[in-house]
There are 2 protein chains.
Amino acid sequence: MAEIILREAQTERTIAIRPGETVFDALVRAGAAVDSYCGGAGTCGKCRVRVLNTSQVPTPGEAAHLTPEELAGSIRLACYLEVEDGMVVETLGGDALRVLTGGLEKEVAVNPLVQQVEITAPQGSIHDQRDIAAQILEQTGRRAVEAACLPKLACLEPGTVYGAVVLEDTIIDVRREKGSALGVAVDIGTTTIAAYLLDLGTGRELAVESTANPQRSFGADVISRIAFSQSRGDGVHQLQQALVGGLNRLIAELCRHAGANCRDVVLLTAVGNTVMLHTLLGVSAISIANAPFVPVFSEQVTACAKDLGIEIHPAGRVVLLPCVSGYVGADIVADLLVCGLAEEEEFGLLIDVGTNGEIVLGNRSRLLACSAAAGPAFEGANLSCGMAGVRGAISAFRLDQGRAVYEVIGGGAPKGICGSGLIDIAAELLRHGFLDNTGAFTDPAGLEEWQRPMLKLKDGRPAFAAAEGIVLTQKDVRELQLAKGAVKAGVLTLLKQAGISFEQVGTVFLAGGFGSSINLHNACRVGLIPAELEDKVVQIGNGAGVGAKLCLLDQSQLTQARALKRRVEYIELSTRADFQSIFMETMLF
Amino acid sequence: MAEIILREAQTERTIAIRPGETVFDALVRAGAAVDSYCGGAGTCGKCRVRVLNTSQVPTPGEAAHLTPEELAGSIRLACYLEVEDGMVVETLGGDALRVLTGGLEKEVAVNPLVQQVEITAPQGSIHDQRDIAAQILEQTGRRAVEAACLPKLACLEPGTVYGAVVLEDTIIDVRREKGSALGVAVDIGTTTIAAYLLDLGTGRELAVESTANPQRSFGADVISRIAFSQSRGDGVHQLQQALVGGLNRLIAELCRHAGANCRDVVLLTAVGNTVMLHTLLGVSAISIANAPFVPVFSEQVTACAKDLGIEIHPAGRVVLLPCVSGYVGADIVADLLVCGLAEEEEFGLLIDVGTNGEIVLGNRSRLLACSAAAGPAFEGANLSCGMAGVRGAISAFRLDQGRAVYEVIGGGAPKGICGSGLIDIAAELLRHGFLDNTGAFTDPAGLEEWQRPMLKLKDGRPAFAAAEGIVLTQKDVRELQLAKGAVKAGVLTLLKQAGISFEQVGTVFLAGGFGSSINLHNACRVGLIPAELEDKVVQIGNGAGVGAKLCLLDQSQLTQARALKRRVEYIELSTRADFQSIFMETMLF
């Protein structure tokens with residue numbers, strides 16, 4: 001069979017190819033870590049790979065995106081190359097994303113939705129002719145045996161001990177394997193996926209893995225992926241296949257590390273934003289992209305892993321936590337489970353900032369949520385020198401006695417600025433008077449001696465040189481203002497809706513990878529978080545992933561998640577007459 | 001692709017073949033009507049087919065089973081022939097079985113377990129951002145949408161009317177097709193399958209079809225099929241495949257006749273003996289064949305049609321009615337539903353005679369059941385001139401003024417005697433003194449003039465010549481005595497257990513194809529049914545099939561079936577010390 005050899009990170013594997021397809025298509029199908037904003041249309045130039053053994057000459061389209069040095073180094077664009085049998089393709093640095101897998105932990109009971117219980121295969125007797133299923137149900141206190149499991153009951157050796165896998169009242173499998181079954185919790189982010197392998201008997205965490213979301217080959221954010229899914233007849237299916245492929249590799253990796261077998265995994269709980277959960281089930285999310293932004297589903301869904309193509313135990317189940325709305329996803333519900341805000345008397349705030357800022361304000365009697373469109377600035381996109389939080393990004397910055405001091409992810413020379421770096425730079429610029437409170441660069445004439453060399457002109461407008469070749473332009477500052485202004489406006493709108501002052505807010509839970517990577521003081525200085533709340537902030541890390549783990553271990557957490565979903569009152573900011581005026585104000589520093 | 005051409009009845013179709021397999025294997029896989037007792041082992045000589053275009057010379061094994069005339073007529077044994085591309089194979093008369101599809105009818109509500117209800121795809125609004133699923137659930141009053149159906153919800157055109165297919169509280173599909181969904185009820189007999197297509201909206205019956213059970217290629221009765229399944233690694237799977245293939249062809253035929261589409265069928269209810277239902281789910285029935293005769297399952301099972309390979313709507317369900325025990329199947333539970341015995345104050349009897357005689361005695365407060373091993377005599381097997389109730393069988397017989405008058409199924413010269421013919425002949429022999437009450441042929445010296453020519457000697461022992469070349473031997477009479485004795489002994493044992501006399505029995509319901517084809521008076525004369533009960537007998541026809549239809553139309557009938565299953569007290573005759581002595585007596589005439 002024709003195949004190409006894929007070298008990725010330290011591993012090598014083969015991918016079966018289809019005649020006439022592009023390398024991009026083959027890589028995407030195999031879930032390789034290949035970037036793309038255009039989904040293989042040949043326009044973004046992101047899907048760079050190294051191919052040594054091809055005779056295909058670079059086309060003008062390819063050459064337009066690659067430097068002569070890159071071409072000389074055998075760097076090519078996967079979407080321009082046709083597959084050839086035996087081709088060796090190397091992906092480039094796609095795995096350097098930082099993924100947050102830790103987070104605030106919480107003690108729960110170990111009582112999973114799917115669990116393994118011990119049974120003894122019955123010895124029939126002429127005086128007790130009850131069927132085998134009935135006798136096993138009596139032993140386990142369950143009510144039914146799934147049809148697909150019945151053939152196995154015919155093969156049990158009487159008197160032998162087995163493990164019955166039970167889902168609520170139903171036996172879904174009987175296994176020879178002793179001990180406990182395993183579960184996987186996944187947090188499906190737009191950019192990255194974090195996954196956890198847990199022992200469903202002891203509750204112990206056995207392995208943690210993370211990877212890039214293979215869907216990024218179809219676009220960097222949810223809107224571009226939805227656009228991709230609309231542009232191709234099988235676009236929704238491709239998004240699903242890419243995601244499921246990524247999950248399967250993560251699960252295999254988790255099991256390899258723990259010395260376990262994927263078939264021992266009987267339950268997977270998944271959180272993510274609403275669009276990610278739609279694509280996991282192969283459901284088009286077009287209705288979320290367009291007004292009135294209605295999701296197709298938002299309740300908890302329990303599906304058969306095998307129907308989704310997820311390679312765990314054939315009778316295993318996949319549970320998607322409930323979402324609140326099209327833009328407040330199951331990740332936020334999971335955050336709520338973890339931070340406990342919804343059980344307190346005092347009001348609390350939960351803020352998860354990404355492309356959207358999802359905000360919940362509430363206490364045990366009321367919960368309000370909204371989603372503020374922050375735009376991609378915090379992801380490092382749309383900035384002149386912006387980049388994701390990967391190797392080479394300036395992730396922290398300060399001015400120390402007139403000198404720029406910065407941290408670069410992975411070390412070495414900086415290549416750009418990621419979201420946390422952006423906040424640090426802007427805060428320092430404000431502190432040192434480079435920017436006024438409208439966000440405009442001040443006249444260099446008004447600056448001190450040491451400051452002036454740091455201001456450059458870019459395209460005739462002032463820009464701050466954060467490092468060699470890396471600048472922050474006036475337009476970049478405006479992008480930050482839009483982003484932070486939207487989040488803060490969301491917070492203020494919820495406070496107003498609830499009639500709550502800053503003083504009445506007890507704790508501010510900052511969730512998610514971005515929220516955990518930022519310098520809090522600087523985030524308050526630029527106004528991403530109201531300065532009045534600075535002392536109340538707790539960074540809870542990947543609350544979404546932790547929430548998925550809680551629900552994996554304890555089905556009562558799932559019950560709580562469903563209850564939380566129902567309790568949350570969603571505020572659609574676009575319908576609020578006052579939002580725009582609040583926003584106008586929060587854009588200022 | 002290599003294939004053979006199968007000609008069967010008036011139709012022709014192609015079957016893909018696998019290199020090196022036998023024609024028998026290919027036919028069985030395709031569900032062709034090919035007989036066999038040995039399952040393709042080359043020993044029974046039953047799998048006759050006509051093949052004109054082969055150069056394969058008959059082997060000695062084949063020649064041993066076929067006459068020179070048959071060989072000259074291109075008749076071959078399928079199990080001895082290797083497949084060849086383009087081979088034309090004709091099956092022989094496998095479709096002439098009589099299948100009873102009619103039966104006592106009963107009025108029920110039309111409220112099926114799976115039904116189609118009208119919905120209007122919601123128009124979202126910025127002021128009502130509830131998800132599409134939630135809005136549809138509100139319209140239908142249901143609680144959940146199956147994961148596999150969610151992708152379809154994303155494609156609905158707002159304001160358009162659709163049909164939601166609902167299973168209890170769950171929406172399993174949304175269809176453009178208006179009107180009602182369809183359902184199929186099947187009665188899976190060991191020998192034949194009857195199937196009914198019904199409109200689940202109106203309750204109207206649209207088509208009826210029947211066919212031979214393709215499993216008979218693996219053995220004539222359940223025990224030989226179980227033995228077959230044990231003899232091959234994938235024997236259970238082969239039994240299932242053969243049965244499912246037969247069901248799929250029946251369903252296709254039903255839909256063709258009704259001008260319907262198989263994908264409109266959303267529910268299938270199945271009854272049958274316990275072994276048939278085990279094989280339908282691919283469950284080994286070995287435990288039923290051996291003491292203590294314990295089935296693997298006996299409760300109602302609801303399975304996904306697609307998991308079983310049944311070709312109806314992809315989200316369709318298959319419901320197997322509950323069984324009582326390994327030898328009192330769902331067919332008997334269905335009979336009970338139909339005859340109403342279990343709701344009366346007066347005691348009633350239900351008798352279904354086949355290879356086993358299944359008997360229920362009871363009223364609204366008590367239900368007793370047993371299964372008496374009648375052996376295959378009533379199926380026409382194990383008799384010197386016995387045959388199934390197919391073309392050429394003597395099915396009715398009387399002596400009219402010294403002459404034998406008989407009916408032959410399909411007309412023409414008789415080829416053998418089937419079960420109903422056996423009873424008639426024996427009854428006449430008893431009436432006219434050919435047999436004494438121990439079942440022995442009387443000394444010809446004591447017979448009248450006209451009688452003597454009818455007695456022949458076969459292998460040195462007396463035999464009755466029913467027709468040209470067709471005799472009933474002493475051994476045949478003994479087979480009948482074993483069979484009828486077992487059934488009558490079962491009846492007497494239940495009466496004894498319940499402390500009930502013949503007088504206290506109100507109605508005797510005689511169910512099943514055999515029970516409907518027999519001459520009642522003669523059945524009482526030979527003692528299959530106690531003569532005391534003759535006036536109380538009602539032949540209810542295919543009660544099992546009718547019961548499956550009731551459960552298809554009205555889910556409350558399924559509830560009743562489950563309740564009946566629990567109420568029935570099963571009496572294992574082999575554990576009764578008194579059964580053997582009762583049996584000794586009932587064997588006499």
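In the text below, chain A, chain B and the rest are named by the order of the sequence lines, each starting its count at 1. Remember, predicted model here, so these are calculated numbers, not experimental data.
- Of the possible polar contacts, one joining the B:S125 side chain to the B:H127 backbone as a donor-acceptor pair under 3.5 Å is found.
- Neither the backbone nor the side chain of A:A148 comes within contact range of chain B; no heavy atom of the residue lies under 4.5 Å from a heavy atom of that chain.
- Proximity to chain B among residues 280-298 of chain A is limited to A:L281, A:G282, A:V283, A:S284, A:S287, A:P292, A:F293, A:V294, A:P295, A:V296, A:F297, A:S298, judged by heavy-atom separations below 4.5 angstrom.
- With a threshold of 4.5 angstrom between heavy atoms, A:T274 does not approach chain B through any atom at all.
- Between B:I332 and B:E358 the shortest heavy-atom distance is CD1-OE1, 3.4 Å.
- At least one donor-acceptor pair under 3.5 Å links the side chain of B:Q215 to the backbone N or O of B:L239.
- The shortest side-chain heavy-atom distance between B:E572 and A:I126 falls under the 4.5 Å cut-off.
- In terms of modelled atom types and a separation under 3.5 Å, the side chain of A:Q135 and the main chain of A:R130 share a donor-acceptor contact.
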Candidate pair B:R143 and A:E299, rule salt bridge (Lys or Arg N to Asp or Glu O under 4.0 Å), full reasoning: CA-CA 10 Å; B:R143 284 179 51 199; A:E299 289 289 346; over 6 Å; no
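- Interface with chain A: from residues 312-328 of chain B, no residue qualifies, criterion being any non-hydrogen pair under 4.5 Å.
- A donor-acceptor pair under 3.5 Å links the side-chain atoms of A:N248 to the main chain of A:G309, judged by distance alone.
- Using a 4.5 Å cut-off between heavy atoms, B:H278 makes no contact with chain A at all.
- Put simply, of B:A144, B:P151, B:C304, B:C155, the one with the most heavy-atom pairs under 4.5 Å next to chain A is B:P151.
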Criterion side-chain contact (heavy atoms from CB on, under 4.5 Å) on B:L308 and B:Q240, from CA distance to verdict: CA-CA 9 Å; B:L308 300 182; B:Q240 184 189 28; 4.1 Å; yes
